[in-house]
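As structure tokens, the structure follows; a few thoughts come after it.
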Amino acid sequence: MKTKILPPTNENIEYAARILKEGGLVAVPTETVYGLAANALDKTAVNNIFKVKKRPADNPLIVHISSINEIPDSINIPEPAQKLMDAFWPGPLSVVLPKPPEIPDIVTAGLDSAAFRVPSNPVALRIIKSAGVPLAAPSANSSGRPSPTSAEHTAQDIGGKIPLIIDGGHCTVGIESTVVRIQNNKVHILRPGMITVQMMEELGIDTAECAGIADITGINNTKENFKNKDPMDPRPRSPGIKHRHYSPNAEVILVKSNKHNKPALEAFIAYVKEHGGDRVFAMVYEGEQNMVENAKAVVFGKRSNPKSLAHSFYSCLREVDNQNGKTLYIRCLDEKEMGSAVYDRITRAANNKTVYI
Ligand code: TXA
Ligand code: MG
């Protein structure tokens with residue numbers, strides 16, 4: 001199949017809506033990452049999302065709507081969820097609610113809950129409105145690959161498998177939405193994103209003590225991570241996070257400093273110089289790239305600026321793959337400095353591989 005990549009003119013938005021209404025798939029820009037959209041009410045269309053992405057069937061999809069009013073009336077919305085939606089929609093937040101009967105089981109992978117999100121990207125909103133149906137849309141990468149943040153990245157993974165990609169330029173946020181669910185009137189973070197626990201707490205919304213990164217991959221089953229498992233329910237809370245994620249072909253290794261006798265930057269540069277070589281890359285912060293020796297530098301973004309890091313992270317990973325990188329060393333800072341969402345993504349990309357210097 002030839003994949004067209006078209007700009008978001010009115011005519012092309014209408015074309016995208018037509019494909020979606022007829023049961024086809026369209027890749028759509030959102031503020032977080034590109035999504036692979038289908039009519040959420042059409043089981044066959046949703047099934048094709050799983051096929052194109054090679055996505056495991058136990059990983060549910062987020063339902064994208066254009067306004068809070070499109071949440072079916074039959075759903076009982078808990079108060080904290082209502083507050084979150086009022087505060088952060090449209091925006092990079094997905095809220096898990098009880099599953100309405102009109103959403104087919106395939107969308108929610110058989111769970112009795114469904115995740116909803118109103119994206120803020122105007123192109124995404126225009127497409128949802130024109131299609132006139134809710135859109136199920138996972139990130140538009142092949143399963144396990146870094147999420148695509150441009151039309152070009154989307155085409156790298158699923159070009160030839162879908163009829164249309166709408167090109168909305170580079171995504172402003174750059175990493176996927178925060179996913180939350182409500183339990184006992186408290187907000188639990190299932191996947192950290194740019195809507196943070198701090199932002200919720202500033203609004204007086206109660207977050208659960210265990211809010212944080214649920215790692216159910218089994219790789220890092222620390223006490224903290226176990227807290228995110230529900231002992232009464234063997235199913236993962238957010239099934240997506242148990243699968244290998246966000247990895248480029250290159251081996252990703254986090255390099256952390258735990259010594260105070262040498263400045264962290266100097267120690268990192270020395271480590272890379274020693275372990276570098278052909279096809280080795282080093283991910284550093286703006287202004288540090290000229291210091292890298294014996295490896296190719298990729299610029300993560302501005303240090304101490306989680307937004308800037310989120311914006312470029314996935315494109316950096318793809319850049320390393322495009323240049324046939326073998327190893328990528330990431331200069332890893334404190335979770336606080338990098339932001340919990342970015343920290344989560346780099347840990348997953350590295351599959352927890354860390355060296356301490
Ligand atoms: O920013 C985003 O959220 C992007 C754009 C396209 O909107 N979408 C995205 O979708 O990242 P996806 O499918 O790549 O990730 C959805 C995550 C998965 O970890 C999935 O397990 C979780 O949301 N999820 C979906 N429905 C859920 C549910 N009912 N309960 C718990 N987790 C759910
Ligand atoms: Mg994804």
Side-chain angles (χ1 to χ4, degrees), residues 8 13 16-17 20-21 26 28-35 37-42 46 60-104 107-108 111-139 168 171-173 175-208 211 238 240 341:
I13 298 271
L20 290 163
K21 279 189 276 199
V26 178
V28 169
T30 84
E31 72 279 21
T32 56
V33 300
Y34 276 66
N39 175 357
L41 307 176
D42 179 336
V46 174
L61 308 177
I62 296 169
V63 177
H64 296 68
I65 50 181
S66 70
S67 129
I68 195 168
N69 302 325
E70 287 159 26
I71 290 184
D73 290 338
S74 60
I75 295 188
N76 198 357
I77 301 175
E79 199 190 310
Q82 185 69 48
K83 277 192 189 161
L84 286 175
M85 296 184 302
D86 288 343
F88 299 113
W89 278 4
L93 174 76
S94 299
V95 182
V96 174
L97 295 171
K99 178 187 162 313
E102 51 270 61
I103 298 289
V107 173
T108 63
L111 297 178
D112 52 10
S113 62
F116 288 89
R117 169 163 122 80
V118 177
S120 63
N121 181 306
V123 175
L125 289 172
R126 279 160 67 204
I127 294 174
I128 303 169
K129 280 184 196 149
S130 303
V133 288
L135 299 181
S139 49
C171 300
T172 52
V173 174
I175 59 171
E176 308 84 349
S177 62
T178 307
V179 180
V180 299
R181 77 166 183 190
I182 316 298
Q183 244 193 340
N184 299 330
N185 255 350
K186 287 191 174 174
V187 178
H188 291 241
I189 309 285
L190 300 179
R191 178 174 72 183
M194 294 315 280
I195 304 292
T196 61
V197 169
Q198 291 85 313
M199 289 160 79
M200 296 175 196
E201 283 178 350
E202 271 164 31
L203 293 172
I205 297 168
D206 242 2
T207 55
S238 191

Let's go through L93 and M200 carefully: what are the C-alpha distance in whole Å and the side-chain angles of both, what is the deciding distance for side chain to side chain contact (heavy atoms under 4.5 Å, CB included) to 0.1 Å, and is it a yes or a no? CA-CA 11 Å; L93 174 76; M200 296 175 196; 4.2 Å; yes
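- The distance from the CD1 atom of I195 to the CH2 atom of W89 is 12.0 Å, given to the nearest 0.5 Å.
- The CZ atom of F88 sits 5.5 Å away from the CD1 atom of I205 when rounded to the nearest 0.5 Å.
- Of all the heavy atoms in A17 and S130, the pair that sits closest is CB-CB, 3.5 Å.
- The backbone N or O of G168 lies less than 3.5 Å from a partner atom in the side chain of Y34, making a donor-acceptor pair.
- Side-chain contact between I68 and Q82 is present, with at least one heavy-atom pair separated by less than 4.5 Å.
- Among all heavy-atom pairs drawn from V173 and P92, the shortest one is CG2-CG, 4.4 Å.
- When every heavy atom of V26 is checked against every heavy atom of A16, the shortest pair comes out as CG2-O, 3.8 Å.
- A salt bridge is defined here as a Lys NZ or Arg NE, NH1 or NH2 lying under 4.0 Å from an Asp or Glu carboxylate O, and R117 with E31 meets this definition.
- Minimum heavy-atom separation, L84 to V187: CD1-CG2, 3.8 Å.
- The shortest side-chain heavy-atom distance between V133 and L20 does not fall under the 4.5 Å cut-off.
- The number of heavy-atom neighbours closer than 6.0 Å to CG of N76, taken from other residues, nucleotides and ligands shown, is 12 or below.
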Begin with the C-alpha distance, continue with both residues' side-chain angles, and end with the deciding distance and a verdict on side chain to side chain contact (heavy atoms under 4.5 Å, CB included) for I65 and I71. CA-CA 8 Å; I65 50 181; I71 290 184; 3.5 Å; yes
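- I127 places none of its side-chain heavy atoms less than 4.5 Å from the side chain of S66.
- The minimum heavy-atom distance linking I75 with P98 is given by the pair CD1-O, 3.3 Å.
- Between the H188 side chain and the R181 main chain, no donor and acceptor come within less than 3.5 Å of each other.
- Using modelled atom types, one side-chain atom of T178 and one backbone atom of G193 make a donor-acceptor pair closer than 3.5 Å.
- In this structure E79 satisfies the salt bridge (charged side-chain N to carboxylate O under 4.0 Å, His left out) test together with K83, sequence neighbours excluded.
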Please test E176 against S94 for side chain to side chain contact (heavy atoms under 4.5 Å, CB included), starting from the C-alpha separation and ending with a verdict. CA-CA 10 Å; E176 308 84 349; S94 299; over 6 Å; no
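- Two residues are said to be in side-chain contact when any heavy atoms from C-beta on lie closer than 4.5 Å; F116 and E70 fail this criterion.
- Side-chain atoms of E201 and T207, non-hydrogen and from C-beta on, do get closer than 4.5 Å to each other.
- Checked by atom type and distance alone, the side chain of N184 never pairs as donor or acceptor with a backbone atom of K186 at under 3.5 Å.
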Apply side-chain hydrogen bond (donor to acceptor under 3.5 Å, both in side chains) to the pair S177 and T32, showing each step before the final yes or no. CA-CA 6 Å; S177 62; T32 56; 5.7 Å; no
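- Separating the CD1 atom in I128 from the OG atom in S67 is a distance of 10.0 Å, to the nearest 0.5 Å.
- Once rounded to the nearest 0.5 Å, the distance linking NE2 of H64 with OG1 of T30 reads 6.0 Å.
- Under the side-chain contact (heavy atoms from CB on, under 4.5 Å) criterion, P90 pairs with V118, S120, not counting sequence neighbours.
- Using modelled atom types, one side-chain atom of R126 and one backbone atom of P8 make a donor-acceptor pair closer than 3.5 Å.
- Counting all heavy atoms, side chain and backbone alike, T108 lies closest to A114 at CG2-CB, 3.7 Å.
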When you look at V28 and V123, which way does the side chain to side chain contact (heavy atoms under 4.5 Å, CB included) test go after all the steps? CA-CA 8 Å; V28 169; V123 175; 5.5 Å; no
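- With values rounded to the nearest 0.5 angstrom, L125 atom CG is found 10.0 Å from I13 atom CD1.
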